[in-house]
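Every number for a ligand or one of its atoms is a count from 1 in the order of the listing.
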Amino acid sequence: MTYQGLIHRYGQYLDLPAHTKPISLLEGNTPLIPMPRLSRELGCELFIKFEGLNPTGSFKDRGMTAAISEAVGRGAKTVICASTGNTAASAAAYAARAGLRSIVLIPEGKVAVGKLAGAIAYGAEVIQIQGSFDDALSLVVEITQKTPIALVNSINPFRIEGQKTAAFEICDDLGSAPDWLCLPVGNAGNITSYWAGFKQYQKGLPQILGVQAAGAAPLVLGHPVEKPETVATAIRIGRPARGEQALEAAQESNGRIIAVTDEQILSTQRVLASEGVWVEPASAAGLSGLLAESAVGKFEVKGRRIVVVCTGHGMKDPSIITESFQSPKVIPADYAALIEVIET
Ligand SMILES: *Cc1c(COP(=O)(O)O)cnc(C)c1O
């Protein structure tokens, strides 16, 4: 039978209510891409779980298929979320698929163009908040307590259920859990989901390296960050909704949560692209953390099997690339000019 999406494939492992009515865009089933060059350089076996290949270009689709399926099943007509961008695009797409109205709140001017475009294209009502993601999330929580509008942020437990499937897929592909799992941490729903997924699936447990951006690293600093700043907009979060669970996952797994600078994130984005995997800046954080730790001898990579989660596609945030490079050369449409340009 052809692939029918995550609820069909892994529903038996997901704690979803009986009223759940599956709404799917055939999310999940993303590739675990071997990285031979990086593996050789580091002396380990490195794979990228490329979540940018989900239907709306990020891992958010895993949780959204579950959250929207549950909301539809209980008769919700409107869904709402706060978003740094990818949740908005995903909520909008799944709501469209289900015939629901979707409203998304984003921090003004801080959402990458590819994500905003997605949310609009799928028909969401997009509202910019003069504040941060954290302010937007507070408003969403309040409105869903006072009205029948359904909340689809990752404080919705069904989002976490759906996102566990990535851990299941990794175990199914490798035959067991890897030694290490490295991933970016923003609102901390994903790290929470992976840890829950690995524990439940019983194919072994990885150590977890969670990576925040230095300008938005509440879990490393040990306190909320009032004005988070980073080029990695998807993890520009100062008050993670699931911060405690993230710390628990790091601790229980004998791993840790660290921070990397924007420069490290952007240089790792180029490293990944140089091996054929273009990801958005936040998605480079996991590998960035691994490289930084191993460079200072804090991470024994030798002989280990390591999975790095790349959470979203590079096409989500193209301006990061186009702004930092000169625009391509322009030449006359003739052969002599072409040869001249190539050979000099
Ligand atoms: C949402 C998101 C993250 C952060 O995930 P959390 O569950 O909020 O920790 C990281 N990268 C991308 C591309 C995202 O969309």
Task: Check ion pair Lys60-Glu51 (N to O, under 4.0 angstrom) - done: no
Open item on the list: Please enumerate all residues that pass salt bridge (charged side-chain N to carboxylate O under 4.0 Å, His left out) together with Lys203, with sequence neighbours excluded.
Closed with: Asp172
Open item on the list: Going by salt bridge (charged side-chain N to carboxylate O under 4.0 Å, His left out), name the residues that satisfy it together with Arg305, two or more places apart in sequence or in a different chain.
Closed with: Glu45
TODO: Please identify each residue that fulfils salt bridge (charged side-chain N to carboxylate O under 4.0 Å, His left out) with Arg304, with sequence neighbours left out.
DONE: none
- [ ] Considering only NZ, NE, NH1 and NH2 on the basic side and carboxylate oxygens on the acidic side, decide whether Arg9 and Glu27 come within less than 4.0 Å.
- [x] no
What are the polar N/O contacts of ligand 1 with the protein below 3.5 Å, with distances?
| unit_1 | atom_1 | unit_2 | atom_2 | d |
| --- | --- | --- | --- | --- |
| ligand 1 | 7 (O) | Gly189 | N | 3.1 |
| ligand 1 | 7 (O) | Asn190 | N | 2.8 |
| ligand 1 | 8 (O) | Asn187 | N | 2.8 |
| ligand 1 | 9 (O) | Gly186 | N | 2.8 |
| ligand 1 | 9 (O) | Asn187 | N | 3.3 |
| ligand 1 | 9 (O) | Ala188 | N | 2.8 |
| ligand 1 | 11 (N) | Thr311 | OG1 | 2.7 |
| ligand 1 | 15 (O) | Lys60 | NZ | 2.6 |
| ligand 1 | 15 (O) | Asn86 | ND2 | 2.7 |

Open item on the list: Would you say CD of Gln4 has more than 12 non-hydrogen atoms from neighbouring residues, nucleotides or ligands within 6.0 angstrom?
Closed with: yes
